[in-house]
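Please read the structure below before turning to the comments.
Sequence positions, counted from 1, serve as the residue numbers for this chain. Only heavy atoms go into these numbers, but all of them, side chains included; no hydrogens, no water, no symmetry mates.
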Amino acid sequence: MFENGSEQIEPRSGNAQLDRALAQTLAKLSKTFDVLPGFAYYRDNGRPNALATPEVRLQRTDGTVLFGLEMLQMLLQRPEHPDASIVAVCAHEFGHIVGYKTRLIEKLAPNRRDPFRAEQHADYIAGFFAGMRKLERSDFPAIVFATTQQSFGGTLRGSHGTGQERGEAVLEGFKAAYERKVTPAEGIQLGFQYAMTRK
Ligand SMILES: [Zn+2]
């Protein structure tokens, strides 16, 4: 989503246990997709959001992921697997970082005002990560990735696509990892091809 460079950044959420668990997941995301963005929370006052930018704001090489503190609280209140829904949002944002680093973004969203295919790619990558986690741990609640992204899509086409389109992209990415067991590098390319066929 959008950033304007003036977000008020917070290094911690106030929940040390959550921050520790998330740091482990972020390290896993970095390793899986070969990207190293900075990560922090920010004050998303009244507009729950998370975002990824190619801009280096936290002394890491591959851009920055910012997670809104209100977004975090909103997800923590979900009755089913709030932790997995937070990971789903992070994985989507890392998907954007992958798009920037590989420069696939130039083809996915040549016009910044129409980010739909870039969003589909990020959702595919989020689903791919869920598939990898489920291969590691069969009880991993991968389905939460689809329902989380779906819940942020509407019934009308917005910039991120409808809930259904978002859920489908997550599922395709999931299947590439979990059923076809392709490598993350291949998954990134397959996700690109998938997104480019979407209109
Ligand atoms: Zn996005």
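Here Glu172 does not pair with Arg198 in a salt bridge; the nearest charged N to carboxylate O distance is not below 4.0 Å. Ion pairing between Arg166 and Asp123 holds under the 4.0 Å rule for side-chain N and carboxylate O. A salt bridge is absent between Arg180 and Glu186; no separation between the charged side-chain nitrogens and carboxylate oxygens falls under 4.0 Å.
In summary, the side chains of His92 and Glu119 do present a donor paired with an acceptor at a separation below 3.5 Å, with no hydrogens or angles considered.
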Show me, pair by pair, the donor-acceptor contacts under 3.5 angstrom made by side chains of residues 73-84, not counting sequence neighbours?
from	atom 1	to	atom 2	distance (Å)
Arg78	NH1	Ser151	OG	3.4
Arg78	NH2	Ser151	OG	3.0

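Linking ILVMFWY side-chain heavy atoms closer than 4.5 Å, directly or via other members, places Met71 and Leu22 in a single hydrophobic cluster. Under a hydrophobic-cluster definition in which Ile, Leu, Val, Met, Phe, Trp and Tyr are linked whenever side-chain heavy atoms come within less than 4.5 Å, directly or via other members, Phe67 and Leu18 are assigned to the same cluster.
For the pair Pro37/Tyr100, no side-chain contact is recorded, criterion being any heavy-atom separation below 4.5 Å from C-beta on.
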Exercise for the section: I would like to know whether Tyr42 and Leu51 meet side-chain contact (heavy atoms from CB on, under 4.5 Å); could you show each step before the answer? Expected result: CA-CA 10 Å; Tyr42 78 103; Leu51 57 91; 3.8 Å; yes
Practice task
Go through the steps to decide whether Gln164 and Glu168 satisfy the test side chain to side chain donor-acceptor pair (under 3.5 Å), and finish with yes or no.
Solution key: CA-CA 6 Å; Gln164 192 185 343; Glu168 283 167 7; 3.0 Å; yes
Handout entry: Working for side-chain contact (heavy atoms from CB on, under 4.5 Å), residues Thr148 and Phe152
Key = CA-CA 7 Å; Thr148 301; Phe152 291 113; 3.8 Å; yes
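Atom CD1 of Ile143 is surrounded by 12 or fewer heavy atoms from other residues, nucleotides or ligands within 6.0 Å.
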